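Worksheet for the structure shown next.
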Amino acid sequence: MQSQASEDRFRRRALQPEEALKAILGHVKPLVSETVGLLESWGRRLAEPLAAPHPFPPFRRSGMDGYAVIAADLAEASSASPVTLEVLEELPGGVAPRRAIRSGQASRIMTGGMVPEGADAVVMLEMTATSGAGDRSFVTIGKSVAAGLNLADIGSEIAEGAALIQPGCAIGPGESALLAACGSACVAVAKRPRVAVLSTGSELLEVEEALAPAKIRNSNAPMLAALLREAGALPELLGKVPDDKGEAESLIRESMERCDLVVTTGGVSVGDYDIMADLVAESGQLLFNKVAMRPGSPTSAALIGGKPLIALSGNPSACFVGFHLFVRPALLAMQSARSCLPGSFQAFISVPYPKTNAYRRYLRGYTELRDGRVWVTPTGKDQSSLMTTIAGADCLIEIPAAKHGVEAGQLLTAWRLGRGE
Ligand SMILES: Nc1nc2c(c(=O)[nH]1)N[C@H]1C(S)=C(S)[C@@H](COP(=O)(O)OP(=O)(O)OC[C@H]3O[C@@H](n4cnc5c(N)ncnc54)[C@H](O)[C@@H]3O)O[C@H]1N2
Ligand code: MOO
Ligand SMILES: [Mg+2]
């Protein structure tokens, strides 16, 4: 038998979730940067601002397949009285013009081609008729056009020196395009936080093991590995330990030497075998061991060797919520993200939640747009032991602490899950 739960385990002061997060963030520093190839930078956080090294487009660019002309030449053109211009040269994409356009002249140009000096508009092919005489070529146009038509000026999209991406911004498809257009073959990004994951519990089986009486498979570790990857971190799965404080502590201390953060699951409540509760209490640097929230009220954190240990509840839904409220923000702060919290929005809850709530609740939910309004619906029962409510959740629905529940149709705050900030 394990010894009786120490008195400390029962003496807990609940912090508000914001206070608990602040306690963790106070011990988190941005990680140094590293340089990676552009194609490896997807999902990483930019370490340096990107300013445009040159204007874009870098030359006057045609937006259509057609003829580069001087608009004034066509001022009187009409179908009854078309204007014929001499064609100087052909300008496919990638070919710099050799000849400037003078009055009475045009050059055949393709979309993306460089517009020659003198020309100030491009007339699309469909509005033209081409003819030839000997080795000369002509184009006839029966319509006037405005100067600037189908022509993108130098720097019309991006001025030289324009601030394009802020440091801390996640590199997605649009950022990749900007980096490429600016010639950033190598990109300075924040290092990926290395995070050790330790599962505690004598009831845990490996995923590939057959069920045995009183045992369940370790489902929190793969869930956390997925969440960590989504948050830009490198998970290091330490596996599971039985409810043995000494074993857990030596693994945690050892992994703190090479990791930026350790996350554990299970053993944070007041039970006889809740080893993590004792471990954080005895760490000498307890940050908190209770949070005024459900699920996950026994979520705890301490410093081990100066680095944060976040001890999440073993109950799957509490583990999931605790990750989003405490672990993910810490990882984003390490990667210098501008905002560490999930993005919040206001939405109507589609069903009542009648329970009274001493603590704020975070229900796993999904979002829908109906009749021009945003609605959120819980994915299932609000029980911290359930994991079926995690799959399909795209938000956390915040139910305020109050002596009454909420009614269907009430406007509430919800938090976006996944990559949304
Ligand atoms: N007397 C009290 N009992 C409990 C209290 C309390 O205040 N007084 N709090 C309850 C609340 S709230 C929560 S949340 C849980 C916290 O549990 P622990 O963090 O101590 O976790 P365990 O006891 O180790 O396990 C709880 C539950 O989760 C399952 N589990 C654990 N690890 C995993 C894993 N890796 N994968 C899947 N499932 C896991 C475990 O088998 C248990 O069923 O305590 C309440 N009790
Ligand atoms: O604080 Mo717990 O996660 O509700 O069962
Ligand atoms: Mg327990």
Side-chain angles (χ1 to χ4, degrees), residues 2 4-17 20 196-209 211-228 235 237-245 247-248 251 262-281 288-302 309-326 353 355-364 378 381-391 396 399 401:
Q2 189 104 351
Q4 283 290 300
S6 76
E7 285 288 294
D8 288 354
R9 248 187 241 179
F10 302 112
R11 252 186 270 115
R12 299 189 183 196
R13 186 175 77 83
L15 299 192
Q16 289 302 315
V197 177
L198 180 66
S199 313
T200 73
S202 298
E203 75 280 26
L204 298 178
L205 295 169
E206 299 294 349
V207 178
E208 59 279 9
E209 284 184 275
L211 277 187
K215 307 274 187 185
I216 56 163
R217 298 190 183 98
N218 178 359
S219 59
N220 285 344
M223 174 176 76
L224 285 172
L227 288 167
L228 287 165
L237 298 183
L238 301 180
K240 58 186 171 61
V241 285
D243 298 314
D244 179 311
K245 193 173 64 179
E247 202 175 322
L251 270 169
V262 175
V263 178
T264 63
T265 61
V268 286
S269 187
V270 295
D272 293 340
Y273 302 91
D274 282 339
I275 55 160
M276 291 307 300
D278 290 339
L279 200 152
V280 292
F288 55 86
N289 60 3
K290 190 162 184 166
V291 186
M293 67 182 219
R294 288 240 178 240
S297 57
T299 304
S300 303
L309 158 68
I310 304 181
L312 299 174
S313 163
N315 270 329
S317 277
C319 174
F320 182 77
V321 169
F323 178 89
H324 284 284
L325 296 192
F326 307 118
Y353 189 84
K355 265 201 237 170
T356 61
N357 301 293
Y359 288 162
R360 201 185 302 167
R361 275 181 190 273
Y362 293 94
L363 311 181
R364 281 70 59 216
K381 270 197 204 155
D382 179 41
Q383 274 177 19
S384 139
S385 58
L386 304 183
M387 69 194 128
T388 44
T389 53
I390 298 169
L396 294 176
I399 307 283

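Note that ligands are numbered from 1 as they come in the structure, with each ligand's atoms numbered from 1 the same way. Side-chain atoms are counted along with the backbone in the values below, which use heavy atoms only and exclude waters and symmetry mates. Quick caveat: nothing in here was measured; it's all calculated off a predicted structure.
Under 4.0 Å from ligand 1, heavy atoms of Asn220 appear from its side chain as well as its backbone. At a heavy-atom cutoff of 4.0 Å, ligand 1 is contacted by the side chain of Asp274 but not by its backbone. Residue-level proximity to ligand 1 for Val270 is carried by the side chain, the only part with a heavy atom below 4.0 angstrom.
Looking at Pro295, Ala221, Ser300, Ser313, it is Ser313 that brings a heavy atom closest to atom 17 (O) of ligand 1. For atom 31 (C) of ligand 1, the nearest non-hydrogen atom from the set Gly314, Gly271, Ser219 belongs to Gly314. Between the choices Glu203, Met276, Lys240, Met387, the shortest heavy-atom distance to atom 41 (O) of ligand 1 belongs to Glu203. Counting only non-hydrogen atoms, the option in Ala318, Ser269, Ala311, Gly322 that gets closest to atom 3 (N) of ligand 1 is Ser269.
At a threshold of 4.5 Å between non-hydrogen side-chain atoms, the residues Ser317 and Ile390 count as touching. Taking the side chain as every heavy atom from C-beta outward, Tyr353 and Arg361 approach each other to under 4.5 Å.
Among protein heavy atoms, the minimum distance from atom 5 (O) of ligand 2 is reached at Ser384 OG, 2.8 Å. Remark: minimum distance from atom 38 (N) of ligand 1 to any protein heavy atom is reached at Ile216 CD1, 3.4 Å. For atom 26 (C) of ligand 1, the closest heavy atom belonging to the protein is Asn315 OD1, 3.8 Å. Ranking the protein heavy atoms by distance from atom 24 (O) of ligand 1 puts Gly267 N, 3.0 Å first.
Interatomic distance, CG of Asp278 versus OH of Tyr273, reported as 13.0 Å (0.5 Å rounding). In this structure, NZ in Lys240 is found 8.0 Å from CG in Asn218, a value given to the nearest 0.5 Å.
Close approach of ligand 2 to Ala318 is summarised as follows: ligand atoms under 4.0 Å from at least one heavy atom of the residue are 3 (O). Here is the list of ligand 2 atoms found below 4.0 Å of a heavy atom in Asn315: 5 (O). Each of the following atoms of ligand 2 lies closer than 4.0 Å to a heavy atom of Arg294: 1 (O), 4 (O). Listed by atom number, the atoms of ligand 2 under 4.0 Å from Pro298 heavy atoms are 1 (O). Less than 4.0 angstrom separates some heavy atom of Asn218 from each of these atoms of ligand 1: 34 (C), 35 (N), 36 (N).
Residue contacts with ligand 1 include Pro298, since one of its heavy atoms falls under 4.0 Å from the ligand. The closest approach between a heavy atom of Ser313 and any atom of ligand 2 is not below 4.0 Å. Within the 4.0 Å heavy-atom cutoff, Ser297 counts among the residues contacting ligand 1.
Close N/O approach between Gly296 and ligand 2 is found [any backbone or side-chain N/O within under 3.5 Å]. On a distance-only criterion, Ser297 and ligand 2 share at least one N/O pair closer than 3.5 Å.
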